[in-house]
Chemist: 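Once you've had a glance at the structure underneath, I'll fire off some questions.
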Amino acid sequence: AECVYRPTGGNGNPVRYSSESASNGGKKVYSSAYDGYVNIRRSASAKSAIIGELENGGDGAKYLGKHGNWYKVSYYGTVGYVNSSHCYIE
């Protein structure tokens with residue numbers, strides 16, 4: 001399976017990576033956002049820079065913890081924060 005990771009900046013073209021292994025044994029965070037994706041931010045703030053996107057229906061991001069209303073995640077080598085009101089954990 002493939003998941004699309006859209007880094008910001010550069011030429012703006014999506015970069016395809018093969019799916020992250022689920023063998024990490026930990027929880028995963030999945031987007032349930034109305035727009036089809038949730039922004040991954042540099043810090044746990046809506047004013048923080050957007051460093052990527054976690055799309056609905058993908059393989060999810062590795063859950064690293066919770067900071068207020070934000071989940072700290074690792075997604076294809078990028079560590080950032082997603083708003084918990086637009087995501088769920090499994």
Side-chain angles (χ1 to χ4, degrees):
E2 284 191 329
C3 187
V4 177
Y5 168 61
R6 294 187 203 164
T8 58
N11 62 13
N13 292 331
V15 177
R16 291 199 175 267
Y17 295 87
S18 53
S19 298
E20 196 170 70
S21 172
S23 64
N24 62 35
K27 296 179 183 177
K28 300 279 253 179
V29 176
Y30 300 90
S31 173
S32 59
Y34 178 77
D35 291 341
Y37 66 92
V38 63
N39 290 322
I40 302 172
R41 297 190 177 267
R42 187 172 315 279
S43 64
S45 166
K47 294 181 180 180
S48 179
I50 297 169
I51 58 174
E53 296 174 352
L54 177 62
E55 291 188 334
N56 294 9
D59 290 333
K62 183 178 179 183
Y63 174 79
L64 300 177
K66 186 165 185 188
H67 300 270
N69 292 329
W70 297 82
Y71 295 137
K72 185 174 183 180
V73 299
S74 173
Y75 192 57
Y76 297 104
T78 298
V79 175
Y81 297 82
V82 293
N83 190 309
S84 63
S85 64
H86 303 294
C87 297
Y88 62 96
I89 298 177
E90 286 188 346

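Starting from 1, each residue takes its place in the sequence as its number.
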Chemist: Going by side-chain contact (heavy atoms from CB on, under 4.5 Å), S84 matches just one of V29, I89, V38, N69. Which one?
Modeler: N69

Chemist: Show, in sequence, the C-alpha distance, side-chain angles and deciding distance for L54 and V73, and conclude whether the side chain to side chain contact (heavy atoms under 4.5 Å, CB included) test is met.
Modeler: CA-CA 10 Å; L54 177 62; V73 299; 5.7 Å; no

Chemist: Can you list everything that forms a side chain to side chain contact (heavy atoms under 4.5 Å, CB included) with N83? Sequence neighbours excluded, please.
Modeler: W70, S85, H86

Chemist: Please identify each residue that fulfils side chain to side chain contact (heavy atoms under 4.5 Å, CB included) with N56, with sequence neighbours left out.
Modeler: S31, A33

Chemist: So how far is it from K62 NZ to K28 NZ, rounded to the nearest 0.5 Å?
Modeler: 9.0 Å

Chemist: In the single-linkage hydrophobic clustering (I, L, V, M, F, W, Y; side-chain heavy atoms under 4.5 Å), do Y30 and V82 co-cluster?
Modeler: no

Chemist: Partners of S43 by side chain to side chain donor-acceptor pair (under 3.5 Å), sequence neighbours excluded?
Modeler: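 Only S48 meet the side chain to side chain donor-acceptor pair (under 3.5 Å) criterion with S43.
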
Chemist: Tell me whether I40 is reachable from Y76 by hopping between hydrophobic residues (I, L, V, M, F, W, Y) whose side-chain heavy atoms are closer than 4.5 Å.
Modeler: yes

Chemist: Suppose we screen for side chain to side chain contact (heavy atoms under 4.5 Å, CB included). Which residues come up paired with S32, at least two apart in sequence or across chains?
Modeler: Y88

Chemist: With rounding to the nearest 0.5 angstrom, report the CG to CD distance, N39 to E53.
Modeler: 6.0 Å

Chemist: Given the rule in the side chain to side chain contact (heavy atoms under 4.5 Å, CB included) test, do I51 and R41 qualify, once you have shown the distances and angles that lead to the verdict?
Modeler: CA-CA 5 Å; I51 58 174; R41 297 190 177 267; 5.8 Å; no

Chemist: How far apart are the closest heavy atoms of H67 and Y81, and which atoms are they?
Modeler: CD2-CE2, 3.4 Å

